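The residues of the chain are indexed from 1 along the displayed sequence. Small disclaimer: the values here were computed from a predicted structure and weren't measured.
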Amino acid sequence: MLEFMKTVLVKVSFDKKLFEKELRKALKVLLPDDVKRLKAWCYEHFSDKYHVVLNLYFSRHQLAL
């Protein structure tokens, strides 16, 4: 599932709203270990464009745990 979510995020990365929507979905369906891997991968690939979005959603997700 992690690889699928990565693929989806790459495909929607042209649009901020779609990216946020798919990131939210990924955080809901992935297991905690996969969320950690996704976080590292997202920051590696999208921090230049979506740093604020990543900080927001990953910090929210951390609080929910």
[atom1]/[X] to [atom2]/[Y] distance, rounded to the nearest 0.5 angstrom?
X	Y	atom1	atom2	answer
E3	L38	CD	CG	10.0 Å
R24	H61	CZ	NE2	14.0 Å
L9	K21	CG	NZ	12.5 Å
T7	M5	OG1	CE	9.5 Å

Walk me through whether N55 and Y50 qualify under side-chain hydrogen bond (donor to acceptor under 3.5 Å, both in side chains). CA-CA 9 Å; N55 287 345; Y50 294 125; over 6 Å; no
Of L23, V10, V53, the one forming a side-chain contact (heavy atoms from CB on, under 4.5 Å) with F46 is V10
Taking [X] for the side chain and [Y] for the main chain, is one N or O donor matched with an acceptor at less than 3.5 Å?
X	Y	result
K6	C42	no
H45	W41	yes
S47	E44	no

Give a yes or no on whether a salt bridge exists between K25 and E22, defined as a side-chain N under 4.0 angstrom from a carboxylate O. yes
Over 12 non-hydrogen atoms of neighbours within 6.0 angstrom of NZ in K49: yes
Is there a side-chain contact between L54 and F19 (heavy atoms, below 4.5 Å)? yes
Do D34 and V29 come within less than 4.5 Å of each other through their side chains, counting heavy atoms only? no
Give the intermediate values and the outcome of side-chain contact (heavy atoms from CB on, under 4.5 Å) for residues V35 and F58. CA-CA 9 Å; V35 170; F58 284 112; 4.3 Å; yes
Can you check side-chain contact (heavy atoms from CB on, under 4.5 Å) on L31 and L2, steps first, answer last? CA-CA 9 Å; L31 298 172; L2 175 60; over 6 Å; no
